[in-house]
Amino acid sequence: MATLDSKLVGVLGDRTTKVLRDLFGYTTVGDLLHHYPRRYLVRGELSNISELNEGDEVTILAEIFSASSRRLQGRKGNILEVIVTDGSAKLSLTFFNQAWREKELKVGKQGLFAGKVGVFNGKRQLAHPDYELIADGNDVDAAVEGFAGKYLPMYPASAKLPSWKIAQCIELAIGALDEVPDFLPESIREKYGYPTLHQALVQLHNPVDLDTAEKARQRITFDEAFLLQLLLLTRRQELKNLDAVARPACSGGLLDTFDASLPFELTAGQREVAREIAEDLAQPHPMHRLLQGEVGSGKTVVALRAMLSVIDNGGQAALLAPTEVLAAQHLRTIEKLLGPLSQGGMLGGSDIATQVTLITGSQSAAARKDALALAASGAAGIVIGTHALLGESVAFNDLGLIVVDEQHRFGVEQRDALKSKAQNPPHLLVMTATPIPRTVAMTVFGDLDVSTLRELPLGRQPITTHVIPVLEKPGFLERAWERITEEVSQGHQAYIVAPRISAGTPEDSDIDFLMGESSTEIASVEELGPLLSGGALKSVKVAPLHGRQSAEVKDATMRAFTDKEIDVLISTTVIEVGVDVPNATVMVIMDADRFGVSQLHQLRGRVGRGTSPGLCLLVTSALAETSARERLDAVAGTLDGFELSRIDLEQRREGDVLGVSQSGGRSHLRLLRVLRDESMIEQAREDASRILEIGLSQFPLLATELAEIQADAASEYIDKA
Ligand code: ADP
Ligand code: MG
């Protein structure tokens with residue numbers, strides 16, 4: 001008999017074992033049993049093709065009428081189109097990049113096909129349907145009768161291993177399986193009426209009915225949420241137990257002096273968050289706090305106050321920024337905010353003053369040498385930098401606080417690389433302006449405490465956003481350029497954002513990902529510049545900014561823009577995050593449909609930062625009623641970053657939401673969906689914290705399961721390093 005840990009070789013043939021390992025990386029019975037069916041084919045619920053409605057989940061019995069594959073136009077890949085008929089009507093089945101299926105989907109073959117009915121070019125179709133072909137020579141009625149009352153599981157499959165073959169393997173594995181011990185505490189299982197782990201595995205693969213299958217699926221999904229929360233809560237507890245140097249607020253130091261000189265009042269939200277941070281810093285254990293705040297809510301000054309508190313206690317702070325533009329801006333802003341307090345060691349500088357320095361990848365060797373020396377000696381209380389800060393040559397005298405700005409660009413691994421530069425575990429403040437729905441925060445940042453800044457500083461003007469559909473309303477674009485000219489004549493400034501640097505390849509861009517396929521029509525900085533400065537924007541001073549320019553050029557351009565020597569910046573997304581020029585009031589985003597929802601929200605956050613209202617124009621050639629236009633309308637329709645980040649997350653794959661650290665290995669989330677399963681995640685979090693209160697030692701099976709996951713996670717981490 002077998003357990004979940006038994007090797008597959010003992011249960012299946014050598015050849016199949018090898019295929020499973022090569023295809024999916026499965027080596028144990030447990031791995032295989034966690035390969036869940038996508039859906040079930042149900043004999044009793046066959047539909048007529050003529051009666052299918054868009055959006056229905058259907059199973060049909062039909063015969064293959066034709067099958068042909070062709071290359072996709074203007075894109076990589078091919079499409080296989082199979083037409084089936086059930087006598088009542090025809091239906092098209094499509095498969096992308098699965099030409100191999102043509103071999104088995106032969107004309108005249110009959111089978112059961114299941115999927116969700118979609119409409120493409122006015123025709124109903126099933127994209128990537130699951131199917132089970134009826135073997136040649138079988139009497140169809142008899143074959144279909146064979147399914148009567150049975151729920152055939154359909155598995156994610158491939159050419160080498162079709163679904164029915166996987167079903168066979170799983171049947172063998174279940175047949176050989178001993179009673180599986182259940183790690184889920186019985187009280188929790190009973191509370192939700194879940195089946196045991198053994199029952200759940202059996203029922204998921206071989207259900208008596210769909211309700212039972214659903215309950216089994218819920219149980220396994222809950223397991224994923226529960227184990228993840230246990231993992232995160234234990235990690236959080238472990239972090240809390242580490243020793244760190246306490247850096248409590250002290251009077252008469254930098255922080256006090258700074259507060260007295262601050263040209264504005266902190267908002268109530270800023271004061272509240274500042275208090276939370278001060279409490280954390282006063283502890284002899286490291287702070288692990290996430291500060292999420294709306295774009296423009298004033299996170300920088302909150303972070304700066306934390307840094308000053310650390311410097312007052314003899315330590316240093318590192319500020320990690322995702323781009324050179326932002327790092328350079330932080331240097332300017334912080335030096336400006338600190339005034340004489342940043343002139344440490346200089347003639348006339350105050351006694352308590354410190355120094356601020358910058359480390360980036362593209363600075364000159366001389367500048368870098370100076371900066372490295374200031375960081376290593378401790379003379380620089382604040383060291384700002386890009387990922388260059390993580391480099392081996394960077395050392396600190398006493399690194400007490402790490403602030404990570406715009407965390408959505410940095411992974412946990414980078415956080416850890418910087419931490420290793422401190423003698424004692426440093427305090428950590430992670431900031432993000434992409435507000436995160438509660439459960440995502442709970443899963444992705446579950447080991448961090450969360451502070452939220454929702455309110456914007458007083459006097460901030462709202463941003464108005466309009467979509468400009470150039471194909472439908474070509475005249476509107478002219479109007480946009482006029483609007484820029486008007487704003488400039490009133491002393492304001494503007495941004496024009498394009499998805500590309502030049503009219504070249506799609507890689508020639510500062511965006512992480514371009515949505516959809518590439519097209520040469522997409523606006524680029526290098527084309528727009530001459531076009532506009534020779535035409536619609538003749539009367540204003542225009543300058544380009546993008547990631548292919550040297551750090552000096554970028555920095556000089558940003559400075560000139562800040563100093564109002566440039567009226568309009570034509571830029572890629574290098575200005576996406578953090579850039580703060582309150583005098584800029586208009587932003588025109590070209591081919592806005594190429595950007596993600598949160599990205600657009602970030603971008604437009606660059607305007608309306610002063611006392612004049614901001615205007616953002618989303619230019620697109622996407623047509624009305626397409627999903628691209630819906631996304632743009634959503635951005636235009638709300639300024640609530642939380643709502644927009646939800647829309648954004650719903651469109652991403654789970655792996656993208658959770659990042660690398662939570663995918664792969666045993667902790668791999670196969671069924672859990674962070675947004676869909678919100679209430680389950682919240683329950684799981686409560687249950688997990690109650691179990692930890694009682695003590696894991698009371699639940700030996702659970703403790704073992706968790707230890708295995710931790711070991712897996714650790715080994716993955718080592719693999720990556
Ligand atoms: P974000 O949270 O997006 O990083 P910043 O920290 O860049 O925002 O702050 C945006 C702007 O608001 C800056 O110019 C900053 O000086 C200003 N600011 C911050 N706090 C206040 C406040 N309490 N009152 C007025 N202006 C503020
Ligand atoms: Mg910021």
Side-chain angles (χ1 to χ4, degrees), residues 258-275 277 289-308 319-339 342 382 384-386 403-410 429-436 450-463 493 495 558 561-564 573-585 587 598-614 616 639-642 644-645:
F258 172 75
D259 279 346
S261 72
L262 202 60
F264 45 71
E265 291 245 316
L266 293 182
T267 64
Q270 282 172 321
R271 283 200 302 274
E272 170 65 18
V273 172
R275 195 188 51 75
I277 293 175
R289 187 167 286 280
L290 171 71
L291 170 54
Q292 56 170 344
E294 254 316 341
V295 185
S297 58
K299 293 181 290 293
T300 314
V301 69
V302 172
L304 179 57
R305 291 185 73 266
M307 296 192 245
L308 296 179
L319 171 57
L320 192 60
T323 62
E324 297 205 341
V325 169
L326 189 51
Q329 177 190 281
H330 274 318
L331 178 70
R332 284 197 301 275
T333 328
I334 288 177
E335 280 187 335
K336 196 164 137 223
L337 279 168
L338 289 179
S342 66
I382 299 178
I384 301 168
T386 55
V403 179
V404 183
D405 197 14
E406 305 298 348
Q407 153 81 33
H408 62 291
R409 295 291 191 80
F410 289 107
L429 180 65
V430 171
M431 305 199 288
T432 171
T434 304
I436 305 164
V450 180
S451 297
T452 305
L453 269 181
R454 275 180 177 272
E455 121 196 75
L456 300 183
L458 224 64
R460 197 61 68 71
Q461 296 290 320
I463 306 164
Q493 290 163 284
Y495 300 96
M558 268 324 287
F561 189 63
T562 312
D563 297 342
K564 302 190 198 167
T573 50
V574 288
I575 54 140
E576 174 185 348
V577 289
V579 167
D580 184 38
V581 179
N583 191 48
T585 49
M587 173 174 285
S598 289
Q599 209 174 9
L600 291 169
H601 183 57
Q602 281 287 330
L603 278 169
R604 76 171 155 189
R606 303 307 116 218
V607 295
R609 296 173 81 84
T611 45
S612 302
C616 175
L639 286 172
D640 185 339
F642 280 84
L644 291 173
S645 85

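Counting starts at 1 for both ligands and their atoms, in listed order. Reckoned from all heavy atoms, side chains included, excluding hydrogens, waters and symmetry mates.
- The shortest N/O to N/O separation between Pro457 and ligand 1 does not fall below 3.5 Å.
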Leu639 and Arg604: CA distance, side-chain angles, deciding distance, side chain to side chain contact (heavy atoms under 4.5 Å, CB included) verdict: CA-CA 10 Å; Leu639 286 172; Arg604 76 171 155 189; 3.7 Å; yes

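- Polar contact with ligand 1: present for Gly298 (N/O pair, distance under 3.5 Å).
- When each atom of ligand 1 is checked for a heavy atom of Leu266 under 4.0 Å away, the hits are 23 (N).
- Under a 3.5 Å cut-off, the side chain of Glu294 and the backbone N or O of Leu456 do not form any donor-acceptor pair.
- Using a 4.0 Å cut-off between heavy atoms, Thr267 contacts ligand 1 through both its backbone and its side chain.
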Criterion side chain to side chain contact (heavy atoms under 4.5 Å, CB included) on Val430 and Arg289, from CA distance to verdict: CA-CA 6 Å; Val430 171; Arg289 187 167 286 280; over 6 Å; no

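- Under a 4.0 Å criterion applied to the non-hydrogen atoms of Glu265, ligand 1 contributes the atoms 22 (C), 23 (N), 24 (N).
- Between Thr452 and Val273 the shortest heavy-atom distance is O-CG2, 4.0 Å.
- Contact between Ser297 and ligand 1 is present, with at least one heavy atom of the residue lying under 4.0 Å from the ligand.
- Judged by distance alone, the side chains of His330 and Glu335 never bring a donor and an acceptor atom under 3.5 Å apart.
- A salt bridge links Asp259 with Arg305: the closest approach of a Lys/Arg side-chain nitrogen to an acidic carboxylate oxygen falls below 4.0 angstrom.
- When each atom of ligand 1 is checked for a heavy atom of Thr300 under 4.0 Å away, the hits are 4 (O), 5 (P), 6 (O), 7 (O).
- When non-hydrogen atoms are compared, ligand 1 lies under 4.0 Å from the side chain of Gln270 (C-beta onward) but not from its backbone.
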